[in-house]
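Reviewing the structure listed below.
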2 protein chains.
Amino acid sequence: MLYRHNSDELDNTLLALADPTRREILAHLSRGEARVTEVASHFPISLNAVSKHIRLLERGRLIQRRIQGRDHFLCLRPVAIVAIQEWLTHQQHFWQVNLAAIADLLDAGIPPSPHTSKRKKS
Amino acid sequence: MLYRHNSDELDNTLLALADPTRREILAHLSRGEARVTEVASHFPISLNAVSKHIRLLERGRLIQRRIQGRDHFLCLRPVAIVAIQEWLTHQQHFWQVNLAAIADLLDAGIPPSPHTSKRKKS
DNA sequence: ATTATATTCATCCAAAAGGTTGAATATATG
DNA sequence: CATATATTCAACCTTTTGGATGAATATAAT
């Protein structure tokens, strides 16, 4: 990625989501704000490991931190999710065109060639 | 991630999306299927690098490959996108509750405190 | 003032990502 | 056959992840 350092925001958001522990942290925070130690207590990994996950979630703009004394309260920050959904919706425009084309072929009785559709191996 | 190896599918899909080159590859494929070399010609990196990106996109179930002679034709595979959107929608249910709470506070004239949520920290 | 709690920082490690180059493997084409 | 093309495989390098542990820092409580 030496030749491209725009779109970092979406990168960071998607990367932060691409880990089951971090998604679980988000799920916990969806039930209300919590301190770092509270969050960490639900995971079999070290507090420090959770602290690192939280940093990545912040980098992805998925959570935010409010420091009060020695406690760091975390809460969700839904802005980034909207950005992802916008991107997905934009992509899906093309993808659904693709899907529609496949459906048309099937509808016309053309046998599904190995590429255009593997459609439900069901 | 020694303690958790379920949910790998979503992991692989999101990780595959968390790179601008790979998202550009998807954008190219959204305009129709293409061979590996055709895709690679649009990027300033080596063919091998693109080949690796393609492997990650396959692992994320975002594209599929049809081999015809020496040519490998790639096309989009929208299934995974649906999985992501389902996950996002499920999450957003909670997140929008959170947003609604913030909106309520603002509506009541409470100044936006840095943490955006003074809901029961009991 | 001392101790306990909450959190990060620093370091280390193994594995993976993202890139390179060079070789191998098919498959077309002359 | 010989050669060119399409693609992957195999190393290698550097940076980042995801984990661990131990030390540092800041704040709270006794």
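Here is how names work: the chains are called A, B, and so on, in the same order as the sequence lines, proteins then strands, and each is numbered from 1.
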- Whole Å only: how far is the CG atom of A:Leu17 from the C1' atom of D:dG18? 17 Å

- Query: Quick one: are A:Leu10 and B:Arg23 in side-chain contact, heavy atoms under 4.5 Å?
  - Reply: yes

- Task: Calculate, to the nearest 0.5 Å, the distance between atoms CZ and OG1 belonging to B:Arg61 and B:Thr13 respectively.
- Result: 4.0 Å

- Message: With a 4.5 Å cut-off on side-chain heavy atoms, are A:Leu56 and A:Leu15 touching?
- Response: no

- Could you state the atom-to-atom distance from CD1 of B:Ile54 to P of D:dT7 in whole Å? 8 Å

- Item | Within one Ile-Leu-Val-Met-Phe-Trp-Tyr cluster: B:Val39 and B:Leu76, side-chain cutoff 4.5 Å | yes

- Atom of B:Thr37, atom of B:Leu47 and distance for their closest heavy-atom approach: CA-CD1, 4.2 Å

Expected rows: protein N/O vs nucleotides 1-6 of chain D N/O, under 3.5 Å:
unit_1 : atom_1 : unit_2  : atom_2 : d
D:dT5  : O4'    : B:Arg70 : NH1    : 3.4
D:dT5  : O2     : B:Arg70 : NH1    : 2.8
D:dA6  : O3'    : B:Arg70 : O      : 3.4
D:dA6  : O3'    : B:Asp71 : OD1    : 3.4

- Message: Measure CD1/A:Ile67 against P/D:dT27 and give the value in whole Å, please.
- Response: 10 Å

Please tabulate the protein-to-nucleotide N/O contacts below 3.5 Å involving nucleotides 9-11 of chain C, giving atom names and distances.
unit_1 : atom_1 : unit_2  : atom_2 : d
C:dC9  : N4     : A:Asn48 : ND2    : 2.6

- Message: Below 30° counts as parallel, above 60° as perpendicular, anything between as tilted: where do the rings of A:Phe43 and A:His28 land?
- Response: perpendicular

- Item | Contact check, side chains of A:Glu58 and A:Leu74, non-hydrogen atoms, under 4.5 Å | no

- Item | Validation row: B:Leu62, B:Arg22 side chains within 4.5 angstrom (heavy atoms) | no

- Query: How long is the gap from CZ on B:Arg77 to CD1 on B:Ile63, to the nearest 0.5 Å?
  - Reply: 10.0 Å

- Task: Mind calculating the distance between CD1 (B:Ile25) and C1' (C:dA17) to the nearest angstrom?
- Result: 14 Å

Please produce a list of atom pairs where a protein N or O lies less than 3.5 Å from an N or O of nucleotides 15-17 of chain D.
unit_1 : atom_1 : unit_2  : atom_2 : d
D:dT17 : OP1    : A:Arg59 : NH1    : 3.2
D:dT17 : OP1    : A:Arg59 : NH2    : 2.8

- Item | A:Asp8 CG - C:dG18 C1' separation (whole Å) | 15 Å

- Query: Tell me: CZ of B:Phe43 to P of C:dT20, nearest whole Å?
  - Reply: 13 Å

- Taking all atoms of both residues into account, what is the closest heavy-atom pair of A:Ala16 and A:Gly60, and its distance? CB-CA, 4.4 Å

- Quick one: does A:Ile45's side chain get under 4.5 Å of A:His53's, heavy atoms only? yes

- Task: Check whether any side-chain nitrogen or oxygen of B:Ser46 sits under 4.0 Å from OP1 or OP2 of C:dT20, and answer yes or no.
- Result: yes

